Colleague: 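There's a structure below that I have some questions on.
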Amino acid sequence: MVVGYEVRGATAIVTMNRPEYRNAQNSVMTYGLDDAFYRAAEDDAVKVVVLRGAGKHFSAGHDIGTPARDHDVAYERRAGLWWSHVGKEGAEARFAREQEVYLGMCRRWRELPKPTIASVQGACIAGGLMLAWVCDLVIAADDAFFADPVVRMNVPGVEYFAHPFVMGPRFAKEFLFLGDRVDAHRALELGMANRVVPRAELEAQTLDIAERIGRMPRLGLALTKKAVNQAEDLMGLRAGIDAAFGLHHLAHAHNVEVRGDSVGGLDAKAMAAGNRSATR
């Protein structure tokens, strides 16, 4: 199974389980995560959800080149009423798919009415950032690093464009312009993470925080989360993401017109090589 699920006390633990591909997110994983979050939402005994990745890394982002990449497979749509991308061409296909499996899913998960905690080790890159950023808290191991290098693809950041909100607009520009890795301690300084803990203590400390949150009343937690999310949206988060999503797809269309593919000629190996060379 590409997504694991278990319950310990009042905490549901959702695990991305493609460690051989650094937990790159194909559609099977996306819909598996959605199933797991729904399961946690429906279980009255669960009060907190922890999202983590199996193996050395949290997530290297969207699957753009593994043997199990399933971008051309139809799934039952859940994030909105937009039609299926399968059998469509060009921008229509890309927009329909990304509206569903990337932006739409992230927005759904952000609204899960129970606190969510991202437990991050190793790589948290591009699409991995989206998964961490929709969580309410981010607990990072001291070996964690964060990056959004997709400007190399001629694309202005990932689909769930929360960068100015999670790190401030000034550093968001640097983060995107350079594509550098940001280590866990710098992420803490910027407000991208709540805590940094030794790698060996990541699971224990994450679950301890989850347990402490789980002692609070369920409705109080849900209403508090909604209040903060509404405040973010009033400050422009939702509208900003919508605007950036349009620019994201303009970039894809430009790449196809000029270079013949939507990611500017960069495959998974080229992106990985660029990520290895980007340090901070």
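Residues: numbered from 1 along the sequence shown. Since we're looking at a predicted model, the values are computed, not measured. As a basis for the values below, the full set of heavy atoms in this structure was taken, side chains included, without hydrogen atoms, waters or symmetry mates.
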Colleague: Is Val28 close to Asp70 at the side-chain level, that is, under 4.5 Å between some pair of heavy atoms?
Modeller: yes
Colleague: State, without any angle test, whether Tyr5 and Asp35 hold a side-chain donor-acceptor pair at a distance under 3.5 Å.
Modeller: no
Colleague: From Ile139 CD1 over to Arg195 CZ, what is the distance, rounded to the nearest 0.5 angstrom?
Modeller: 6.0 Å
Colleague: Between Lys47 (side chain) and Gly214 (backbone), is there a donor-acceptor pair under 3.5 Å?
Modeller: yes
Colleague: Find out whether Val2 and Met16 are in side-chain contact, i.e. whether some heavy atom of one side chain is under 4.5 Å from a heavy atom of the other.
Modeller: no
Colleague: Are His85 and Glu92 linked by a side-chain donor-acceptor pair shorter than 3.5 Å?
Modeller: no
Colleague: How close do Ala251 and Pro156 get, counting heavy atoms only, and between which atoms?
Modeller: CB-CD, 3.8 Å
Colleague: Is it the case that Arg18 and Thr66 place a side-chain donor and acceptor less than 3.5 Å from each other?
Modeller: yes
Colleague: On a heavy-atom basis, which atom in Val120 and which in Leu202 lie closest, and how many Å separate them?
Modeller: O-CD2, 3.8 Å
Colleague: Look only at the side chain of His248 and the backbone of Gly157, and say whether a donor-acceptor pair between them is shorter than 3.5 Å.
Modeller: yes
Colleague: If you look only at pairs with a residue in residues 108-136, which of them pass as a salt bridge (Lys or Arg N to Asp or Glu O under 4.0 Å), with sequence neighbours excluded?
Modeller: Asp34-Arg108, Arg110-Glu232, Arg110-Asp233, Asp136-Lys225
Colleague: Closer than 4.0 angstrom, basic N to acidic O: yes or no for Asp142 and Arg199?
Modeller: no
Colleague: With the 4.5 Å side-chain cut-off for hydrophobic clustering, are Trp109 and Trp82 part of the same group?
Modeller: yes
Colleague: Is atom CE of Met216 surrounded by more than 12 heavy atoms (other residues, nucleotides or ligands) closer than 6.0 Å?
Modeller: no
Colleague: Mark yes or no for whether Asp148, through its side chain, and Leu176, through its backbone, hold a donor-acceptor pair below 3.5 Å.
Modeller: no
Colleague: Would Arg186 pass as a cation-pi partner of Phe145, given that its NZ or CZ must be under 6.0 Å from the six-membered ring centre and within 45 degrees of the axis?
Modeller: no
Colleague: Carefully, step by step, assess Met153 and Ile64 under the rule side chain to side chain contact (heavy atoms under 4.5 Å, CB included).
Modeller: CA-CA 12 Å; Met153 294 178 169; Ile64 61 172; 3.8 Å; yes
Colleague: Do Lys88 side-chain atoms and Ser84 backbone N/O form a donor-acceptor pair below 3.5 Å?
Modeller: yes
Colleague: With ring pair (Phe, Tyr, Trp, His ring centres under 6.0 Å) as the test, pick out the partner of His62 among Tyr21, Tyr102, Tyr160.
Modeller: Tyr102
Colleague: Considering only distance and modelled atom types, tabulate donor-acceptor pairs under 3.5 Å from the side chains of residues 49-60, sequence neighbours left out.
Modeller:
unit_1 : atom_1 : unit_2 : atom_2 : d
Arg52  : NE     : Thr15  : OG1    : 2.9
Arg52  : NH2    : Glu6   : OE2    : 3.4
His57  : ND1    : Ala123 : N      : 2.9
Ser59  : OG     : Asn23  : O      : 3.0
Ser59  : OG     : Gln25  : NE2    : 3.0
Ser59  : OG     : Gly61  : N      : 3.1

Colleague: Answer yes if the side chains of Arg78 and Tyr31 hold a donor-acceptor pair under 3.5 Å, and no otherwise.
Modeller: no
Colleague: Does any non-hydrogen side-chain atom of His252 lie less than 4.5 Å from one of Phe95?
Modeller: no
Colleague: Can you hop from Val197 to Ile213 via hydrophobic side chains spaced under 4.5 Å?
Modeller: yes
Colleague: Please determine whether side chain to side chain contact (heavy atoms under 4.5 Å, CB included) holds for the pair Phe171 and Glu189, giving the CA-CA distance in whole Å, both sets of side-chain angles, and the decisive distance to 0.1 Å.
Modeller: CA-CA 11 Å; Phe171 191 80; Glu189 294 174 353; over 6 Å; no
Colleague: Might you point out which heavy atoms bring Ala12 and Ala40 nearest each other, and give the distance in Å?
Modeller: CB-CB, 4.0 Å
Colleague: Let me see the working for Glu100 and Thr30 under side chain to side chain contact (heavy atoms under 4.5 Å, CB included), right down to the final yes or no.
Modeller: CA-CA 10 Å; Glu100 167 74 10; Thr30 297; over 6 Å; no
Colleague: Using 0.5 Å steps for rounding, measure from the CD1 atom of Ile117 to the CG atom of Leu137.
Modeller: 5.0 Å
Colleague: Would you check, one step at a time, whether the test side chain to side chain contact (heavy atoms under 4.5 Å, CB included) holds for Phe146 with Arg181?
Modeller: CA-CA 5 Å; Phe146 304 82; Arg181 294 181 178 185; over 6 Å; no
Colleague: Quick check: closest heavy atoms across Val3 and Ala36, and the distance to 0.1 Å?
Modeller: CG1-CB, 4.2 Å
Colleague: Under a single-linkage definition using a 4.5 Å side-chain heavy-atom cutoff for Ile, Leu, Val, Met, Phe, Trp and Tyr, are Val158 and Phe165 assigned to the same hydrophobic cluster?
Modeller: yes
Colleague: Using modelled atom types and a 3.5 Å cut-off, is there a donor and acceptor pairing between side-chain atoms of Asp63 and backbone atoms of Gly65?
Modeller: yes
Colleague: Would a 4.5 Å heavy-atom cut-off, applied to side chains only, mark Asp261 and Val256 as touching?
Modeller: no
Colleague: Would you say Ile13 and Leu112 are hydrophobically clustered, going by side-chain heavy atoms of ILVMFWY under 4.5 Å?
Modeller: no
Colleague: Is the count of non-hydrogen atoms from other residues, nucleotides or ligands lying under 6.0 Å from Arg8 atom CZ greater than 12?
Modeller: yes
Colleague: I'd like to know if the side chain of Asn194 reaches the main chain of Val138, judged simply by a donor and an acceptor atom lying under 3.5 Å from each other, with no hydrogens or angles considered.
Modeller: yes
Colleague: According to a hydrophobic-cluster definition based on side-chain heavy atoms being under 4.5 Å apart (Ile, Leu, Val, Met, Phe, Trp, Tyr only), do Leu221 and Leu207 belong together?
Modeller: yes
Colleague: At what distance, to the nearest 0.5 angstrom, does OG of Ser27 lie from CE of Met105?
Modeller: 8.5 Å
Colleague: CG/Asn229 to OG1/Thr224 distance, rounded to the nearest 0.5 angstrom?
Modeller: 11.0 Å
Colleague: Between Val182 and Ala187, which heavy-atom pair has the shortest distance, and what is it?
Modeller: CG1-N, 3.7 Å
Colleague: So, are Glu159 and Arg107 salt-bridged, with charged N and O less than 4.0 Å apart?
Modeller: no
Colleague: Taking all non-hydrogen atoms of both residues into account, name the closest pair between Cys106 and Val134 and its distance.
Modeller: O-CG1, 3.4 Å
Colleague: Measuring from atom NZ of Lys226 to atom CG of Leu223, what distance do you get when rounded to the nearest 0.5 angstrom?
Modeller: 9.0 Å
Colleague: Quick one: pull up CE in Met130 and CD1 in Ile241 and give me the separation to the nearest 0.5 Å.
Modeller: 9.0 Å
Colleague: Under a 4.0 Å threshold between the charged nitrogen and the carboxylate oxygen, would Glu211 count as salt-bridged to Arg215?
Modeller: yes
